Structures are given as C-alpha cells and as structure tokens.
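Notes to accompany the following structure.
Given the structure is predicted, the values throughout are model-derived calculations rather than measurements.
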2 protein chains.
Amino acid sequence: MEQNETQQYEDLLVKNGLKRTGARLQVLDILSHRESATSQPYLENVVGKEIDRVTLYRILKTFEEKGIIHRVLDNHGTANYAICSNSCSEHNHHDEHVHFNCNNCLRVYCLDDVKIPALKIEKGFQIADMNLVVSGICKDCNKAN
Amino acid sequence: MEQNETQQYEDLLVKNGLKRTGARLQVLDILSHRESATSQPYLENVVGKEIDRVTLYRILKTFEEKGIIHRVLDNHGTANYAICSNSCSEHNHHDEHVHFNCNNCLRVYCLDDVKIPALKIEKGFQIADMNLVVSGICKDCNKAN
DNA sequence: TTATTGATGCAATAATGATGCATTAACATT
DNA sequence: AATGTTAATGCATCATTATTGCATCAATAA
C-alpha cells in the first residue's frame, strides 16, 4: 500500500476519533481497492489469519456507525460493505444509491449514479432509509458468455 | 379455519403440483391471515411444536419456487414471507412492489400499491429482479406515540 | 390395496453474528 | 522516554438462521 494512501486512511480514522490500528488500516485498504462491495466472508478469507473474526465484525460495525462505509444486504441476506462517498458522516449517510447484485458472480456493485427515485407512500409511514437492490447478470458476466 | 378457505388452499397446492399436507395448509392459513410479511422465526414460534423446523424451511422454499409466496429480506437479513398476488406463477413473479420494514415493531409491510419505479441502468447490466425495502417507523408505531 | 413418489422428522453441520472477559496496544500526559 | 488510561483485540462461548443426508411416513395413483 502506498505511503500517501496509508496517510489518507490514518487521517480518516483520526477524523472519526478512532485509533489507527493495523487491522483497521488493512480493512480500509482492501475496501478501497475493490471495485464492488465486499462481503464479510470475503474479508475473512483475505485477512482471517491476521485479524480475528470478531475484530473484523467490530471494525465493520464501527466503520458503518461512523459513516466510513455503508452496508448492503445481498440477495442471500449477507452483509456487503463499501467505502462511502466522502460526503458521509456519522449522523448523515448519503448512500441512497442503487445496488446491483449479480446472480452469477455474486458481486455487489454500487451504482453511484443511479439514485433511488422518490416514492409516494401512505401517510403515517415515516421513511428513515431506503435500500434498493437490483439483481440479475452484471456487465462482466454478460461479456463472458 | 373456515371450510371454504381450506378448500381454496388445497386447490392452490394441487394447482402447483404439491400434495396437500397438514403442515402446508397450516402455513398457508397463517400467512393468509397476517396483514404483514411473516418471518421464519415467527412461524416457528407458532407452529414449532407441530411442524419441524426443517420442514418449515422446505415448505417456504417450495412455496417460493412455485410462486405461491414471495420472500423479502428485512434490514437484518432475515427472510420474511407473504402470499403473492394471484397473478404470480412458478416462472412469472410479480412481486415488484415496495416493502416497508418498521424499525420499531420490526414488521414488514407489503405496499402493494407502491411499485418500484423504472430505472436507467448502465447497458450491460441485465435486470432480473428488484427489491426495494424502505425502513422507518410504521403507521401503527407512529400512532402509538 | 398396494406401490410409488413426495413429504416429513431427526441428527448433524455450516454460516453469520453477538457477548463477556482478559490481554494488549495506542495515545496523551507527564 | 516512561507511564497511565482508554480503546481495541483475541479467545471462548453461545445464538440464530439455514442446509444436507438419511430413514420413515403419508398422499395420491395404479
């Protein structure tokens, strides 16, 4: 990992009142360099020997609470994580874009450009959050055939 | 359960090439009489002494495959089930309405009237299914305060 | 009424996630 | 630089949700 990137991750941690530990930097590094949202099992495969499973869960949970990453549930109900755009903060998430879950490669894409359209919902229902997951076959898997 | 309802459930099973067993009729009866989608744990609480947990999973899976019920993942990634509108069939699901997951009572509502708006997604991504879960506080819980 | 196939129950296992507690590491302070 | 304080980690354990294999049983067809 490059020096300036490490610096960037450390800043991000400090900015959020978190200590800059090796485990956290490693998780940030991995998430930053993936083009799609990353599942806990995937992370566990990569860093499982260095970082305890529970620590991983706690890091992801903390990051989510701080607005550093956002969580998407895929079609199987497993959590996937992706770095938030930098307009996110602890009390102000802006991750209301559409996600695409490929049925073939199982990847979860953040379609940052595609926002969830406004909805007309019955009065009385108070909206706090919206989660739109589209599933199908992704660009790469379509090419591959 | 009323006689004509039982008849109706039996027809539904036969129509889908399924045997009309007590367990299946019971599940259909419960799902039909609930105003919101029903989680596997809830069902297990109700019929857990009469129906084996594994059987319950298999019944729900079968029903979903046949288009009798549809599955919604709530915010925790646990499966919830609701009876499909009668236009659904094995190879033709029409459950693309919005779901509302209450953060307070945890209920999952099917907002049958609210359809998921059309999306413009990058070429190459082939859409098979869409799942929009809105979370917040539901009508009942808003009233209660 | 019996054969056949589908459905169920039981035992075991997997995957995902949470909690309590002792230990260790990071950072501020001296 | 040494030390104290608080946060972070690792380990053991447990909970929940879900799946698989196999033996048994029941529903429908013959």
**Under-4.0 Å side-chain N/O to phosphate OP1/OP2 contact, A/T55 with D/dA8** = no

**Request:** Determine whether the side chains of A/D11 and A/Q7 contain a donor N or O and an acceptor N or O closer than 3.5 Å.
**Result:** yes

**Request:** Applying ring pair (Phe, Tyr, Trp, His ring centres under 6.0 Å), name anything that partners B/Y81, two or more places apart in sequence or on another chain.
**Result:** none

**Fill in**
To the nearest angstrom, the CG-C1' distance between B/L25 and D/dA27 comes to 12 Å

**Prompt:** Between B/V14 and A/K19, who's closer to the 5' end of DNA chain D by nearest nucleotide?
**Reply:** A/K19

**Complete:** Here the distance between atom C1' of C/dT16 and atom CD1 of A/I59, to the nearest Å, is 17 Å

**Message:** Please tell me if B/R20 has a side-chain N or O lying less than 4.0 Å from either OP1 or OP2 of D/dT28.
**Reply:** yes

**Selected nucleotide, minimal atom distance to B/D52 side chain, candidates C/dA7, D/dG10, C/dC10** = C/dC10

**Item:** A/L56 CG - C/dT16 P separation (whole Å)
**Value:** 12 Å

**Asked** What's the OH-P distance between A/Y42 and C/dT16, to the nearest Å?
**Response** 15 Å

**Asked** Can you check the A/L60 CG to C/dT16 P distance for me, whole Å?
**Response** 13 Å

**Message:** At less than 4.0 Å, is any side-chain N or O atom of A/T21 found next to OP1 or OP2 of D/dT9? Yes or no.
**Reply:** yes

**Minimal non-hydrogen separation, A/S36 against A/V108, with atom names** = CB-O, 3.1 Å

**Message:** What I want to check is whether the side chains of B/N101 and B/D74 have a donor and an acceptor closer together than 3.5 Å.
**Reply:** no

**Complete:** When rounded to whole Å, the CG to P distance for the pair A/L18 and C/dC27 reads 11 Å

**Prompt:** What are the two closest non-hydrogen atoms of B/Q26 and B/V47, and how far apart are they?
**Reply:** NE2-CG1, 3.4 Å

**Complete:** Rounded to whole Å, NZ of B/K66 lies from P of C/dA7 at a distance of 9 Å

**Request:** Using a 4.0 Å heavy-atom cut-off, write out nucleotides 17-25 of chain D from 5' to 3' as B (base contacted by protein), S (sugar-phosphate only) or - (no contact).
**Result:** SBBBB----

**Minimal non-hydrogen separation, B/H70 against B/V72, with atom names** = CD2-CG2, 3.9 Å

**Message:** Base, sugar-phosphate or nothing for B/E50? Non-hydrogen atoms, less than 4.0 Å.
**Reply:** sugar-phosphate

**Spacing of A/L13 atom CG relative to C/dA26 atom C1', expressed in whole Å** = 12 Å

**Message:** Tell me the closest heavy-atom pair linking A/A128 and B/N103, and the distance in Å.
**Reply:** CB-ND2, 4.3 Å

